[in-house]
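Input: a single structure, listed below in structure tokens.
The first residue in the sequence is number 1, and the count goes up from there. Because the structure is predicted, anything quoted here is derived from the model rather than measured.
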Amino acid sequence: MTRRPLPSAVFAFLYLHLPILAMADESGAAWRHVELRRFPAAEAHQGVAVDGEHFYAITNRAIGKYRKDTGQRAGGWEGESMGPVQHLNSGIVHRGQLLVAHSNFPDLPEESSMEIFDAATLAPAGRRTFPDPPGSLTWIVPYRNGWLACFAHYRKTSDPARSRLVHLDAEWSPVASWPFPPALVERFGDYSSSGGAVGPAERLFVTGHDAKELYVLSVPEGDGSPLIWEATVDIAAAGQAFAWDPEQEGILYSIQRKTREVIVSRVERSNP
């Protein structure tokens, strides 16, 4: 799944004047990304979560809660410098709780947990640890009465090709796991998948660490086969974790860590 780069002049014209179209997926449909607005958020360093009225900007040891309509800060949480929370990654709001993937990266051996916060107050509400995890937990989302969890490996301490997507059942037992396709691992570079969630058309979308791309994947039946890379959507955010708005189909919340901004966009599929 490789693409020939556009000439710089053509790319500049498309970026400034037209919605950016990705390659068609296996159904023949194209994916389009349109940026809508940006909000400053000091904690926009690792990822963002979203619910009906707020978005939650996430950094290593802090979370900021902001109104979706105005971007006004409505609350926050900050962990202790030497406390148990050291490397928060992505988050998702689920049944009134903010669930945030956490790891001890770059320390070894890997330790991973899901840190649980009350979404209304951001008070810590517990944690779920993963004994002997197959990597560093970067994202976790509900899936088929269970969960999809990404355990990443990075060049600094390991081989990115060892990254795995694991299906956990309702009892948190592994059901299946899949590697990322080798071509996508190459796209991740020295890193791995920083974000993931099921979005429009019930497709699985993932991001890497720093590429301005959203990857459309499907999960194969069975266990062990590589995930299927269907399409790539060019986006404004440079990797990191993202979230889909539960109230509006196809509305994507992502971050730009260099500018500490939360980006709101629309991602939709349209037949060419």
Distance-only, no hydrogens or angles: does the [X] side chain make a donor-acceptor pair with backbone N or O of [Y] under 3.5 Å?
X	Y	result
Ser90	Thr138	yes
Gln46	Leu88	yes
Lys65	Trp77	no
Thr207	Gly195	yes
Ser112	Gly135	yes
His45	Arg260	no
Asp223	Ser177	yes

query = If we only count heavy atoms from C-beta on, is the Pro84 to Arg127 side-chain gap below 4.5 Å?
reply =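 Pro84 reaches Arg127 side chain to side chain.
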query = Hey, does Val50 have a side-chain heavy atom less than 4.5 Å from the side chain of Ile251?
reply =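 Not touching, per the 4.5 Å side-chain cut-off.
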Joint hydrophobic cluster, Val100 plus Trp172, side-chain heavy atoms closer than 4.5 Å =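 Per the 4.5 Å side-chain linkage, Val100 and Trp172 are not co-clustered.
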query = Do Tyr56 and Tyr253 belong together in a cluster built from hydrophobic side chains that touch within less than 4.5 Å?
reply =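 Not linked; separate clusters.
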task = For the pair Arg61 and Glu115, find out whether any cationic side-chain nitrogen is under 4.0 Å from an anionic carboxylate oxygen.
result =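 Salt bridge: no.
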Can you see which heavy atom on [X] is nearest to which on [Y], and at what distance?
X	Y	result
Asp245	Asp51	OD1-O, 4.3 Å
Gly52	Pro246	N-CG, 4.3 Å
Val175	Leu168	CG2-C, 4.3 Å
Pro142	Ile92	CD-CD1, 3.5 Å
Ile235	Glu213	CG1-N, 3.7 Å
Ala236	Arg38	CB-NH2, 3.9 Å

Got a second to check how far [X]'s [atom1] is from [Y]'s [atom2], nearest 0.5 Å?
X	Y	atom1	atom2	result
Ser194	Trp139	OG	CH2	11.0 Å
Arg203	Ile228	CZ	CD1	10.0 Å
His102	Ile140	NE2	CD1	14.0 Å
Glu261	Ser254	CD	OG	10.5 Å
Phe117	Ile63	CZ	CD1	4.0 Å

Reference residue Tyr191; test side-chain contact (heavy atoms from CB on, under 4.5 Å); the match among His209, His153, Lys156 =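 That would be His209; it is the only one of His209, His153, Lys156 passing the side-chain contact (heavy atoms from CB on, under 4.5 Å) with Tyr191.
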ask   = Picking from Pro160, Pro226, Ser193, what satisfies side-chain contact (heavy atoms from CB on, under 4.5 Å) with Phe180?
value =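 Only match with Phe180 under side-chain contact (heavy atoms from CB on, under 4.5 Å): Ser193.
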Take a 6.0 Å sphere around [atom1] of [X] and say whether it holds more than 12 heavy atoms from other residues, nucleotides or ligands.
X	atom1	answer
Asp132	CG	no
Glu247	CD	yes
Asn145	CG	no

Please work out whether the ring planes of [X] and [Y] are parallel, tilted or perpendicular, with thresholds of 30° and 60°.
X	Y	value
Phe242	Trp244	perpendicular
Phe130	Phe151	perpendicular
His94	Trp147	perpendicular

query = Between Gln86 and Asn104, does a side chain to side chain donor-acceptor pair (under 3.5 Å) hold up when you go through it step by step?
reply = CA-CA 6 Å; Gln86 291 296 312; Asn104 67 336; over 6 Å; no
inquiry  = Evaluate Phe55 against Phe39 for ring pair (Phe, Tyr, Trp, His ring centres under 6.0 Å), listing each step before the verdict.
reply    = CA-CA 10 Å; Phe55 63 83; Phe39 295 107; 5.5 Å; yes
